[in-house]
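A short worksheet on the structure shown next.
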Protein chains: 2
Amino acid sequence: MPEDTTSTWENAREDFVAQWGALGSHWGINRTMAQIHALLMTAPEPMYTDEIMEKLTISRGNANTNLRELVGWGLIQIVHRKGERREYFQAEKDVWKMVVTIARERKRREIVPALEVLKSCAERTKEESGGPGREFHQQMKELQEFVEFGIKVADTVVSMKHASALQWAMKLLG
Amino acid sequence: MPEDTTSTWENAREDFVAQWGALGSHWGINRTMAQIHALLMTAPEPMYTDEIMEKLTISRGNANTNLRELVGWGLIQIVHRKGERREYFQAEKDVWKMVVTIARERKRREIVPALEVLKSCAERTKEESGGPGREFHQQMKELQEFVEFGIKVADTVVSMKHASALQWAMKLLG
DNA sequence: ATCTTCTTTCAGATAATCCTGAAACTACAA
DNA sequence: TTGTAGTTTCAGGATTATCTGAAAGAAGAT
């Protein structure tokens with residue numbers, strides 16, 4: 001087996017990393033952060049900063065910032081090897097756990113603040129007695145209730161174990 | 001009632017527009033596009049380009065581009081008034097329909113292409129007999145199946161009428 | 001055909017985001 | 001204390017996304 005050429009799985013991995021990065025940037029997630037995540041998701045062993053820098057050809061600062069960010073999201077963990085000082089990083093590989101984590105974080109960071117604004121918009125216009133003001137109020141309330149309901153459903157699903165969620169979804173499809 | 005000050009509901013509306021814009025940009029949607037959408041969602045009457053330009057203080061080119069984009073997403077419609085040549089725009093106000101539209105478009109534009117890459121990654125590594133290559137293959141397959149399953153669930157939910165979806169969700173919540 | 005009103009396009013300007021690299025920092029070891 | 005290995009920070013640079021405005025295009029009205 002030639003050692004100087006990249007193996008098939010490593011080529012596929014590079015495509016995966018690139019696509020994950022592109023997907024991230026369409027969903028408001030920094031491309032590099034998504035790429036690091038993809039890299040760690042598919043890493044046979046935990047990796048350390050310099051390996052990641054080299055694989056993605058990015059600077060130390062960039063790698064460090066995005067690794068911290070990923071730790072902040074709870075998508076990767078720092079692990080230590082006995083006798084070694086440097087930090088290694090590993091990603092959660094279970095897809096369901098990953099999705100749950102992302103859902104929790106996005107809710108906390110984006111949905112809840114948006115909901116607060118909807119509530120405030122509804123509250124401030126509740127005295128509107130007619131016309132456009134009243135219509136606006138109704139609309140904000142409707143939107144608020146929809147989001148609150150959506151949060152409840154998401155919370156329920158996300159608190160399930162993978163198997164339960166699967167079973168539940170199968171029933172829906174059946 | 002003083003006519004020279006902005007009414008309460010219009011202040012609330014401005015907050016809503018701003019927040020919707022911010023939310024959009026956290027989810028990979030151009031801020032202006034989201035703002036125009038918010039503006040039209042809360043417009044008592046269909047609006048035309050110049051009104052939108054003024055409300056959001058944006059250029060004609062920007063307004064036009066993002067209005068077309070919104071039409072492309074199916075989130076707003078062009079309407080004509082009899083005897084008038086210019087185009088008016090109105091947004092779908094039903095929240096459920098709106099969510100369904102967004103889900104359909106994002107699936108088509110982002111999820112399906114990403115799925116193709118997963119499939120290709122899995123396909124290209126199916127011969128890997130062991131070690132990291134095999135692990136990678138398994139992971140891609142798992143991810144692919146998860147996404148395909150997610151798409152099925154989403155399609156099912158999205159094809160429901162609002163009332164059915166609500167009923168179904170209520171049962172889930174217990 | 002020419003005018004008028006409205007729409008579209010796009011090159012260049014602007015703004016938002018992201019990245020680099022070097023210096024500062026931390027902590028353990030000798 | 002000095003050295004070494006690793007981590008963090010952040011000012012300035014690079015890149016990408018977005019916006020402007022003016023010119024060109026379209027189509028009904030006269």
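To find a chain, count down the sequence lines: A is the first, B the second, and so on, and within it residues start at 1.
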To the nearest angstrom, how far is [X] atom [atom1] from [N] atom [atom2]?
X	N	atom1	atom2	answer
A/Glu51	D/dG6	CD	C1'	14 Å
A/Tyr88	D/dA5	OH	P	14 Å
B/Met53	D/dC19	CE	P	14 Å
B/Arg86	C/dT4	CZ	P	17 Å
A/Tyr48	D/dT8	OH	C1'	19 Å
B/Asp50	D/dG21	CG	C1'	14 Å

Over all atoms of both residues, closest heavy-atom pair of A/Trp20 and A/Ala34: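 Between these two residues, the closest heavy atoms are CD1-O, 3.1 Å.
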Interface residues of residues 56-82 of chain B with DNA chain C (non-hydrogen, below 4.0 angstrom):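 Residues of residues 56-82 of chain B that come under 4.0 Å of DNA chain C are, in numerical order, B/Arg60, B/Gly61, B/Asn64, B/Arg68.
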Check each residue of residues 27-38 of chain A for a non-hydrogen atom within less than 4.0 Å of any atom in DNA chain C, then write out the ones that pass by number, or none. A/Asn30, A/Thr32
Who pairs with [X] by side-chain contact (heavy atoms from CB on, under 4.5 Å), at least two apart in sequence or on another chain?
X	result
B/Gln90	B/Pro46, B/Gln77, B/Val79
A/Met160	A/Ser164, A/Ala165, A/Trp168, B/Leu172
A/Ala169	B/Phe149, B/Val153
A/Val147	A/Ile111, A/Leu115, A/Leu118, A/Ile151

Anything under 3.5 Å between a protein N or O and an N or O of nucleotides 26-30 of chain C, put it in a table, one pair a line.
from, atom 1, to, atom 2, distance (Å)
C/dA27, N3, A/Arg85, NH2, 3.1

Mind checking side chain to side chain donor-acceptor pair (under 3.5 Å) for A/His137 and listing every partner two or more places apart, or none if nothing turns up?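 Scan of A/His137 (side chain to side chain donor-acceptor pair (under 3.5 Å), adjacent residues dropped) gives A/Thr125.
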Could you work out, with side chain to side chain donor-acceptor pair (under 3.5 Å) as the rule, every residue matching A/Glu87, not counting sequence neighbours? A/Arg68
Which residue pairs satisfy the ring-ring contact (aromatic ring centres under 6.0 Å, His included) criterion with at least one member in residues 51-92 of chain A, sequence neighbours excluded? A/Tyr48-A/Tyr88
Cation-pi between A/Arg106 and B/Trp27: NZ/CZ under 6.0 Å from ring centre and within 45° of the ring axis?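 Here A/Arg106 passes the 6.0 Å and 45° test against B/Trp27.
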Hydrophobic clusters join Ile, Leu, Val, Met, Phe, Trp and Tyr when side-chain heavy atoms are under 4.5 Å apart, directly or via other members; which others share one with A/Val112? none
Please list all pairs meeting salt bridge (charged side-chain N to carboxylate O under 4.0 Å, His left out) that have one or both residues in residues 114-125 of chain B, counting only residues at least two apart or in different chains.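 Sorted result for residues 114-125 of chain B: A/Asp15-B/Arg124, B/Glu116-B/Lys119, B/Glu123-B/Lys126.
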